[in-house]
Asks: 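Below is the structure I would like to discuss, written out as structure tokens.
What you see is a predicted model; the values in this text were computed from it and never measured. In what follows, every chain begins at residue 1, and chains take the letters A, B, ... in the order their sequences are listed.
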Amino acid sequence: MASVFTETIYTLARKIPKGKVATYGQLAVLAGSPGAARAVGSAMRCNPDIPRTPCHRVVASDGSLTGYSAGQGISTKRKMLIDEGVSFKGSKVNLKLSQWKEGLGES
DNA sequence: ATTTTGACTTAAG
DNA sequence: GCTTAAGCCAAAA
């Protein structure tokens, strides 16, 4: 572990509902440090628990699947997202339909 | 404590 | 549309 910031990133990642994805920048804001998108990715790289921290639900601001060295890498990550019901736009995630919105649903 | 790197993001060419 | 450059934040060396 590195710090509470990293821990917050993992917590937020777990809060992402199935079939939805969040961007690094979004998690950074939710973590309390907007602009720390890089730090978020760095923290994810140190991801200690894959099933506990669905880093595959975290994508770039453009919906592009970056990083991820597990399995077949991007291919596996994309497959997992599709399996969860995430809408895809070619090789990228259709953020317009599947980007997670924290707490969206209240009137 | 300082320097380097990195799963990012936005702007410009 | 794709590539290159600069900016930002945090962790690791």
Asks: Would you list the pairs meeting salt bridge (Lys or Arg N to Asp or Glu O under 4.0 Å) in which at least one residue belongs to residues 24-33 of chain A, sequence neighbours left out?
Replies: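 Counting only pairs at least two positions apart or across chains, no salt bridge (Lys or Arg N to Asp or Glu O under 4.0 Å) contact touches residues 24-33 of chain A.
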Asks: Assign A:Thr66 to base, sugar-phosphate, or nothing according to its heavy-atom contacts below 4.0 angstrom with the strands shown.
Replies: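 Here A:Thr66 touches the bases of the nucleic acid.
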Asks: Between the protein and nucleotides 10-13 of chain B, which nitrogen or oxygen pairs are less than 3.5 angstrom apart?
Replies:
| from | atom 1 | to | atom 2 | distance (Å) |
| --- | --- | --- | --- | --- |
| B:dT10 | OP2 | A:Ser61 | OG | 3.4 |

Asks: Where along residues 91-100 of chain A does a heavy atom come under 4.0 Å from DNA chain B, residue by residue in number order?
Replies: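 Result for residues 91-100 of chain A: none.
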Asks: Considering only residues two or more places apart or on different chains, which pairs with a residue in residues 98-107 of chain A satisfy salt bridge (Lys or Arg N to Asp or Glu O under 4.0 Å)?
Replies: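 The answer is none; no pair qualifies.
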Asks: Taking any heavy-atom pair under 4.0 Å as a contact, classify A:Ala36: base, sugar-phosphate, or nothing.
Replies: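 Sugar-phosphate contact only.
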Asks: A:Leu65 has an atom CG; how far is it from atom P of B:dC8, in whole Å?
Replies: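 A:Leu65 atom CG is separated from B:dC8 atom P by 12 Å.
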Asks: Would a 4.5 Å heavy-atom cut-off, applied to side chains only, mark A:Val58 and A:Leu12 as touching?
Replies: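 Of all side-chain heavy-atom pairs linking A:Leu12 with A:Val58, none is under 4.5 Å.
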Asks: Give me, pair by pair, the N or O atoms of the protein and of nucleotides 3-7 of chain C that are less than 3.5 Å apart, along with how far apart they are.
Replies:
| from | atom 1 | to | atom 2 | distance (Å) |
| --- | --- | --- | --- | --- |
| C:dG7 | O6 | A:Arg38 | NH1 | 2.7 |
| C:dG7 | N1 | A:Arg38 | NH1 | 3.4 |

Asks: As an exercise, state the distance from CG of A:Asp83 to OG1 of A:Thr76, rounded to the nearest 0.5 Å.
Replies: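 Rounded to the nearest 0.5 Å, the CG-OG1 separation comes to 12.0 Å.
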Asks: Separation of A:Lys77 atom NZ from B:dA7 atom C1', in whole Å?
Replies: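 Result: 7 Å.
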Asks: Does A:Ser33 put a side-chain nitrogen or oxygen below 4.0 Å from OP1 or OP2 of C:dA10?
Replies: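 Looking at the OP1 and OP2 atoms of C:dA10, one of them is under 4.0 Å from a side-chain N or O of A:Ser33.
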Asks: Identify the heavy atoms of A:Ser87 and A:Ser98 that sit nearest to each other, and give their distance.
Replies: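 Heavy-atom minimum between the residues: N-OG, 2.9 Å.
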Asks: Taking both distances under 3.5 Å as the test for a Watson-Crick or G-U pair, what stems of at least three pairs does DNA chain C have?
Replies: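 Stem segments, range with range: B:2-6 with C:9-13, B:8-13 with C:2-7.
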Asks: Any salt bridge (Lys or Arg N to Asp or Glu O under 4.0 Å) pairs touching residues 54-81 of chain A, not counting sequence neighbours?
Replies: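 Listed once each, the pairs are A:Arg57-A:Glu84, A:Asp62-A:Lys92.
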Asks: Where do A:Thr23 and A:Ser61 come nearest, in terms of heavy atoms and distance?
Replies: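 Between these two residues, the closest heavy atoms are CG2-CA, 3.7 Å.
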Asks: For A:Thr53 and A:Ala13, which heavy atoms make the closest approach, and how far apart are they?
Replies: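 Minimum heavy-atom separation between A:Thr53 and A:Ala13: CG2-CB, 3.8 Å.
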Asks: Only pairs under 3.5 Å count here: list side-chain donor-acceptor contacts from residues 24-46 of chain A, not counting sequence neighbours, and write none if there are none.
Replies:
| from | atom 1 | to | atom 2 | distance (Å) |
| --- | --- | --- | --- | --- |
| A:Gln26 | OE1 | A:Gln99 | NE2 | 3.4 |
| A:Gln26 | NE2 | A:Trp100 | O | 3.0 |
| A:Ser42 | OG | A:Arg38 | O | 3.0 |

Asks: Do A:Ile16 and A:Leu97 sit in one hydrophobic cluster, given that two such residues count as connected whenever their side-chain heavy atoms are within less than 4.5 Å of each other, even indirectly?
Replies: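 A:Ile16 does not cluster with A:Leu97.
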Asks: Let's see if you get this right: which residues in residues 16-31 of chain A place a heavy atom under 4.0 Å from DNA chain C?
Replies: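 Of all residues in residues 16-31 of chain A, none places a heavy atom under 4.0 Å from DNA chain C.
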